[in-house]
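Below: one structure, written as structure tokens.
Along the sequence shown, residues are numbered consecutively beginning with 1. This structure is a prediction, so every number in the text was calculated from the model and none was measured.
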Amino acid sequence: MEKRLIKKDALAGIAKKMAGDVLVWAPVKQEDNVLFKPLRADDEPFFAYLNSKNAPKNVFFPHTETLMKYTRTEKGMVFSEEVNDAPQSVLFGVRPCDAHSFVLLDKLFDQEKYKDGYYIAKRRNTTVITLACVKPPYTSCFCTSVDGEPVSSDGADILLTDIGGDYLVEFVTEKGEKLAKYFGDTQADAAADAKKNEIAAKAKEAIASKIPAHEVKPILDKNFDNPFWDTIHRKCLACGTCTYLCPTCHCFDISDEVTEVEGVRIRSWDSCMFPLFTKETSGHNPRTSQKERWRQRAMHKFKYYIDMFNAIACVGCGRCVMYCPVNIDIRKIVTDISKL
Ligand code: SF4
Ligand code: SF4
């Protein structure tokens, strides 16, 4: 794996140069938020961010996406050319927890049997550049409890680590190596490597928030009807903030918008926190209250995903902890489950 060094203040220029050649998604300041946006000529990427409020999963799984277009004719339905816009792209500067989320989303959208061509095309055509967390951004971060690390190349094609005045640039995959021309020609030496390893160990140590995420699966296996589920949801407003901000949540709805002869089939994000999410056409709703919905959220992340894909569907980013308007904390829920 090739490694190079670039000066820290060169990073924004590299992103902008790349954006002249391909679509680059990068963190950009927008009012109080930092959002991953397609970088335009007059945008300034903001790499000194802690983490973005919105997870960058929308690059592969947009909030709203056109799946097909069609026209009713006298001879039947005519479908337009396949709508699958997946230009060559670079996702520049994501945090390691979010890069880890892409590995988890791949397990769902790119299975051996079921393949989501819309997601896969974007994923295939996008190079992920991860910006390591040399200091944990928030006290709510708990990546080390869910198979992550603040300095990790999991899900990355290129890993950037701030080692002082320079970034160590590690080309992790062949896809990443194809962008090597943008990163100068200063080869990294053993000292840079040693410095990175020291920083990585310190950053890992600094993640103070820990949860027993790996202990709860056998407990969840046996406690679907435990009275515990009557307690956790009581404050929940069913606002969906936790699921919309979560990098691993991936529920969606599909609907058709039809005028007289033209139709568009779209996929939009949905949330298991919403009462209508499971409401059937008959009027029956198998998840009648927020209790069932919160149980589903916990079960999906810490049991069902392990059943299906042998992985926990949480990367410990802490977004749901930080932004839940009524302070429901998934770390406490998992800890409480471990004591059942
Ligand atoms: S963010 Fe909080 S209040 Fe909103 S749905 Fe999630 S748990 Fe409920
Ligand atoms: S469940 Fe919460 S902490 Fe875990 S990945 Fe989702 S938003 Fe982040």
Output, in order, the C-alpha distance, side-chain angles, deciding distance and verdict of salt bridge (charged side-chain N to carboxylate O under 4.0 Å, His left out) for Asp98 and Arg95. CA-CA 5 Å; Asp98 289 333; Arg95 291 300 180 192; over 6 Å; no
Okay, side chain of Lys195, backbone of Ile163: is any donor-acceptor separation there less than 3.5 Å? no
If only atom types and distance count, is the side chain of Tyr118 paired as donor or acceptor with the main-chain N or O of Leu67 below 3.5 Å? yes
Ignoring hydrogens and angles, write down the donor-acceptor pairs under 3.5 Å from the side chains of residues 125-140, residues two or more places apart or on other chains.
residue: Asn125; atom: ND2; partner: Ala86; partner atom: O; Å: 2.6
residue: Thr126; atom: OG1; partner: Lys122; partner atom: O; Å: 2.6

Quick one: closest heavy-atom pair of Tyr49 and Val94, and the distance? OH-CA, 3.7 Å
Is there a side-chain contact between Phe60 and Leu105 (heavy atoms, below 4.5 Å)? no
May I ask you to test the Lys196-Glu170 pair for a side-chain heavy-atom distance under 4.5 Å? yes
In residues 20-33, what donor-acceptor pairs under 3.5 Å come from side-chain atoms, sequence neighbours left out?
residue: Asp21; atom: OD2; partner: Tyr182; partner atom: OH; Å: 2.5
residue: Gln30; atom: OE1; partner: Lys37; partner atom: NZ; Å: 3.3

May I ask you to decide if Thr288's main-chain N or O and Asn285's side chain share a donor-acceptor pair within less than 3.5 Å? no
Ring centroids only, cut at 6.0 angstrom: are Phe47 and Phe92 within range, meaning strictly under it? yes
Between Arg123 and Asp106, does at least one N-O distance fall below 4.0 Å, as a salt bridge requires? yes
Pairwise ring-ring contact (aromatic ring centres under 6.0 Å, His included) hits with a residue in residues 201-236, at least two apart: none
